[in-house]
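Throughout, a chain's letter reflects where its sequence line sits, starting with A, and its residues are numbered from 1. Just so you know, these numbers use all the heavy atoms, side chains as well, and skip hydrogens, waters and symmetry mates.
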Protein chains: 2
Amino acid sequence: MDVGAVMGKLRGGGFKATPQRWEVVRAIAAEQHQSMEEIRARCPGVGMVTVYRTLELLSGLGLIRRLDLGGGPRWELAEDHHHHLVCESCGDVTEFDLCPLDPGLLDLSDHGFEARSHSVEVYGRCSVCQ
Amino acid sequence: MDVGAVMGKLRGGGFKATPQRWEVVRAIAAEQHQSMEEIRARCPGVGMVTVYRTLELLSGLGLIRRLDLGGGPRWELAEDHHHHLVCESCGDVTEFDLCPLDPGLLDLSDHGFEARSHSVEVYGRCSVCQ
DNA sequence: GAGCAAATGAAAACATTTTTCAATTACGAG
DNA sequence: CTCGTAATTGAAAAATGTTTTCATTTGCTC
Ligand SMILES: [Zn+2]
Ligand SMILES: [Zn+2]
Ligand SMILES: [Zn+2]
Ligand SMILES: [Zn+2]
């Protein structure tokens, strides 16, 4: 999903395609797993309040995802399903595609829980920090 | 691991067993997955700063774990290995023991990543909220 | 182009966590 | 048991992060 497609879905949802929203979406699309600070740095022309509101809006529409990996929220474009490797030394976040929950292995029936989504994070040391 | 054992390990680490630390540990042991607010409510006699510092200390010693499930940090005694079911409607957190990463299924060798720990969260609707 | 609801952003409010520092206290040595 | 001392506590202030307010601006439809 590229920047244009995201803006298209925004419009489709009845929201305005403002220059500020273009900027924020471009910033998010530039790199996955960015913090608020990093996103803001890529949007010098957009007020902080608008960045917060745009993240909230896009996330509500399911176009981006908020990550809780410790050390403050991070954001990513909601594209493919994947999970995260978090380096506890340098903080770098990378992805892996093999989903441990994929084959419906996990039986939650005895919990009476209706699963909607899930997240898997592996913490450790990246190849650089070892 | 009961309250006494945690305090023992604290002492063993060269830290003092103060009445405030007893209170905080007792509060944490009373229920898993509590927020700061809930823990504080169980420690009326302990200053906020001390609660923060004690959580930091215990977590540094690996005696408790901090959970990032969205909606602010939660804390639990570090006992058995388990993962979490988070209800997106009422916010209730429950546990399940079957670990999807258990059999070493996950091959991270091509990432050159040294895994230390992991977390798995399943989001959805609990039996009450469905 | 006019009209209007939606959107923006500066400032203020609010919430949460950390720092500071003077007073207190647990605990080992004597 | 008492003393000395470094560790600990907590009130206040500072720092940090996020949300609300509201007057002004603007994208979009007709
Ligand atoms: Zn990712
Ligand atoms: Zn998955
Ligand atoms: Zn738990
Ligand atoms: Zn596990």
Under 3.5 Å, is there a donor-acceptor pair between the B:Gln32 and B:His82 side chains?
no
Among D:dT18, D:dA7, D:dT9, the nucleotide that comes nearest once only the side chain of B:Thr50 is considered:
D:dT9
D:dT8 P sits how many Å from B:Met7 CE, rounded?
11 Å
Taken to the nearest whole Å, CD1/A:Ile39 to P/D:dT18 is 11 Å
Phosphate-side-chain proximity, B:Arg21 and D:dT8, N/O vs OP1/OP2 below 4.0 Å:
yes
Report yes if at least one side-chain N or O of B:Gln20 is closer than 4.0 Å to OP1 or OP2 of D:dG10; otherwise report no.
yes
For C:dG9, does the base pair up with any side-chain atom of A:Arg53 as donor and acceptor (N or O, under 3.5 Å, distance only)?
yes
In this structure, how many angstroms lie between the C1' atom of D:dT16 and the CZ atom of A:Arg40, rounded?
13 Å
For B:Pro73 and B:Ala17, find the nucleotide of DNA chain C closest to each by heavy atoms; which residue's nucleotide sits nearer the 5' end?
B:Pro73
Without decimals, in angstroms, what is the distance between A:Arg11 CZ and D:dT26 C1'?
14 Å
With A:Arg21, which of A:Val6, A:Leu57, A:Val51, A:Thr50 fulfils side-chain contact (heavy atoms from CB on, under 4.5 Å)?
A:Leu57
Counting only side-chain nitrogens and oxygens, does A:Thr18 get under 4.0 Å of the OP1 or OP2 atom of C:dA6?
no
May I ask you to test the A:Leu69-A:His33 pair for a side-chain heavy-atom distance under 4.5 Å?
no
Heavy atoms only, 4.0 Å cut-off, all strands: where does B:Gly14 land among base, sugar-phosphate and nothing?
nothing
Can you measure A:Asp68 atom CG to D:dG17 atom C1' for me and round it to whole angstrom units?
14 Å
Rounded to whole Å, how long is the line connecting atom CE of A:Met48 with atom C1' of D:dT19?
9 Å
Can you label the angle between the B:Phe96 ring and the B:His83 ring as parallel, tilted or perpendicular, going by 30° and 60°?
tilted
Whole angstrom is fine here: how far is it from CD in A:Glu23 over to P in D:dT26?
15 Å
Would you mind reading off the distance between A:Leu57 atom CG and D:dG27 atom P, rounded to a whole angstrom?
17 Å
Quick check: do B:Cys99 and B:His118 have side-chain heavy atoms less than 4.5 Å from each other?
yes
Could you work out which one of C:dA7, D:dT18, D:dA11 sits closest to the side chain of B:Val49?
D:dA11
D:dT18, OP1 or OP2 - any side-chain N/O from A:Tyr52 closer than 4.0 Å?
yes
